[in-house]
Asks: 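I am attaching a structure below and will ask some questions about it afterwards.
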Amino acid sequence: MGSIPDTAPVVRVFIAGGSYAGLSTAVNLLDLGDGLSPRMAREEYTHHPSVPKVNFQITIADERDGYYHLIGSPLALAESEYAKKAWVQFQDLPALQVPNVQFVQGSVSSVDCDAKTATVVDSITKEPATHQYDYFVTATGLRRVWPVVPQSLTRKQYLLEVEAQIKALDGAKDGILIVGGGAVGIEMAAELKHVKPHLKVTLAHSRDKLLSSEPLPDECKDKALDLVKETGVDVLMSHRLASSTKVESPDGSSRYEVEFTNGHKMTASAVVMALSKSISTASYLPSSATDSEGLVKIVPNMSFDPSTPNATSHFCAGDVAKWSGIKRCGAAMHGGHLVANNIHQLVLQQVAQHQPKFQELPEIPPMIGLAVGKNAVAYGPDEGVISGPEVMQAYFRDDLGWGICWDWMQLGGRKSEAKA
Ligand SMILES: Cc1cc2nc3c(=O)[nH]c(=O)nc-3n(C[C@H](O)[C@H](O)[C@H](O)COP(=O)(O)OP(=O)(O)OC[C@H]3O[C@@H](n4cnc5c(N)ncnc54)[C@H](O)[C@@H]3O)c2cc1C
């Protein structure tokens, strides 16, 4: 607790994860540090007259070498041109090319919350390096399997990975079977049929409603089914996969013989498992910080639950946070904004004896936006179920939300209307 500083205080913020939650934290912190309103704020931010600026020294660690628009995966795995757009290397994000932001490509392997140090294993050299911080932000999301999400860590490797998949699916003369009618399977099947209408695409789901594990009204699930069928995808409801066996033909080609538990059989050139098994990435945190599923326990201002040492210096946003609501990228970006706000308030408390005004995360009711070919279906407590091409435009535009996220985070550079 010192006297009011003459120069901008220097505050080290370490952000684990450079995607929606992590980058939103970083860009909003940069605004606050420069004495501006955070770019995602709806209302003007009141800065402290004695601490107009803060020198945030931000380190962003990510296993990947760039920002990957995860939502775009179903299209990235179907169309080469889009795949190129979906992954932007960190060095090509104009908004973050400033001297006080440093990117580290590597995997965060452990965090000592007591000592306030984070260890990162470099992706290339595999050497560990330890970073000291004043504030730590967990924004590493959930780990998802191939082919739900590309597994490459560099843009170069990723382009090869998706190209191989696109080629394999392109030549699928016996059609493609997508297994799993959750959000990911629906979007994968619909995008594939939309981009490659010549392909026979089948979506199989074990239950009698799509999106069966989501707490959504039946009207939303039924509308999703109507829209998938409208794209030309064959839908098999109440079909649980029993086996899929690869059979080689004498001409060198291969296909899969598939059987469901209800006895139905079919063949397909490719079987894509779109069962969204996702697991926490936060194994690098002390066990006191996470629940039995590895999700990070937070309080409404998004700092860690008090059971972890220095809890108020540790924050979490995005999918890996234990909070209500369906995991969504809008929630991840919003969370990053609140974390930036609350870190700034704590800095003011420390250097200017300011009474912090935290922004708190409310309970989030179930809501969803789902792209289904040319249409989208959305549900929220206020609007109810809405669908159609205009919903697609509002929720995803024509690039599965790439431009919406890019613009919301202003990754191309801060818009001039940010106000001091
Ligand atoms: C196929 C698919 C479609 C989706 N469609 C939609 C949609 O239409 N609308 C919607 O709102 N949501 C959608 N989602 C959900 C949305 O993508 C997530 O809610 C969002 O990605 C969460 O953002 P995040 O920043 O928390 O995590 P992520 O986007 O997962 O980012 C985490 C980052 O952390 C990095 N990382 C992980 N572990 C480590 C580590 N140990 N060290 C360093 N870095 C690490 C990763 O490389 C990654 O860059 C979809 C998800 C999938 C898989």
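Owing to the predicted nature of the structure, the values given are computational and were not obtained by experimental measurement. Hydrogens, waters and symmetry mates are skipped; everything else that's a heavy atom, side chains included, is used. Ligands are counted one by one from 1 in listed order, and the atoms in each one are counted from 1 as well.
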Asks: Just need the protein heavy atom nearest to atom 49 (O) of ligand 1, so name the residue and atom and give the distance.
Replies: Asp62 OD2, 2.7 Å
Asks: Judged by non-hydrogen atoms, does Tyr67 sit under 4.0 Å from ligand 1?
Replies: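 Under 4.0 Å: no for Tyr67.
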Asks: Give the atom numbers and elements of ligand 1 that come within less than 4.0 Å of a heavy atom of Gly318.
Replies: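 Those of ligand 1 that fall under 4.0 Å from Gly318 are 26 (O).
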Asks: Check this for me, if you would: do Asp407 and Arg39 make a salt bridge, where the nitrogen-to-carboxylate-oxygen distance has to be below 4.0 angstrom?
Replies: no
Asks: Give a yes/no on ligand 1: does Ala371 have at least one heavy atom closer than 4.0 angstrom to it?
Replies: no
Asks: Can a side-chain donor-acceptor contact be found between Ser313 and Lys116 if the only test is distance below 3.5 angstrom?
Replies: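 A pair is found: one side chain offers a donor N or O, the other an acceptor, under 3.5 Å apart.
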Asks: Aromatic ring centroids of His47 and Tyr45 under 6.0 Å?
Replies: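 For His47 and Tyr45, the ring centres are under 6.0 Å apart.
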Asks: State plainly whether the residues Glu63 and Arg143 are in salt-bridge range, i.e. N to O under 4.0 Å.
Replies: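 Answer for the salt bridge query: yes.
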Asks: Nearest heavy atom to atom 29 (O) of ligand 1 wins, so pick from Ala21, Ser19, Ser278.
Replies: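 Selected option, by shortest heavy-atom distance: Ser19.
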Asks: Mind checking whether His69 and Tyr20 have parallel, tilted or perpendicular rings, split at 30° and 60°?
Replies: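 It falls in the perpendicular class, over 60°.
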Asks: Arg143: heavy atom below 4.0 Å from ligand 1, yes or no?
Replies: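 True for this residue.
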Asks: Find all atoms of ligand 1 within a distance of less than 4.0 Å from any non-hydrogen atom belonging to Arg64, and give their numbers and elements.
Replies: 47 (O), 48 (C), 49 (O)
Asks: Who gets closest to atom 15 (C) of ligand 1 by heavy atom: Glu63, Met367, Lys327, Met333?
Replies: Lys327
Asks: Given the side-chain rings of His264 and His239, with only the six-membered ring counted for Trp, is the space between their centroids under 6.0 Å?
Replies: yes
Asks: Quick one: which of Thr140, Leu153, Val145 has a heavy atom closest to atom 37 (C) of ligand 1?
Replies: Thr140
Asks: Looking at ligand 1, is there an atom of it that comes within less than 4.0 Å of some heavy atom belonging to Ser109?
Replies: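 In this structure, Ser109 fails to qualify as a contact of ligand 1 - no heavy atom is under 4.0 Å.
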Asks: Hey, are the side chains of Trp87 and Asp65 touching, using non-hydrogen atoms and a 4.5 Å cut-off?
Replies: yes
Asks: Give the atoms of ligand 1, by number and element, whose distance to some non-hydrogen atom of Phe396 is under 4.0 Å.
Replies: 8 (O)
Asks: Less than 3.5 Å between some nitrogen or oxygen of Leu70 and one of ligand 1, yes or no?
Replies: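 No, no N or O pair falls under 3.5 Å.
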Asks: Specify the protein heavy atom at minimum distance from atom 18 (C) of ligand 1: its residue, its atom name, and the distance to 0.1 Å.
Replies: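 Nearest protein contact, heavy atoms only, for atom 18 (C) of ligand 1 is Asp319 OD2, 3.2 Å.
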Asks: Could you check whether any heavy atom of Cys329 sits closer than 4.0 Å to an atom of ligand 1, since that is the contact criterion I want to use?
Replies: yes
Asks: Does Lys322 pair with Asp305 as a salt bridge, N-O distance under 4.0 Å?
Replies: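 Salt bridge absent between Lys322 and Asp305.
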Asks: Specify side chain, backbone, both or neither for Glu187, according to which of its non-hydrogen atoms lie closer than 4.0 Å to ligand 1.
Replies: side chain
Asks: Show your reasoning for whether ring pair (Phe, Tyr, Trp, His ring centres under 6.0 Å) applies to Tyr158 and Tyr68.
Replies: CA-CA 10 Å; Tyr158 147 83; Tyr68 175 57; 5.4 Å; yes
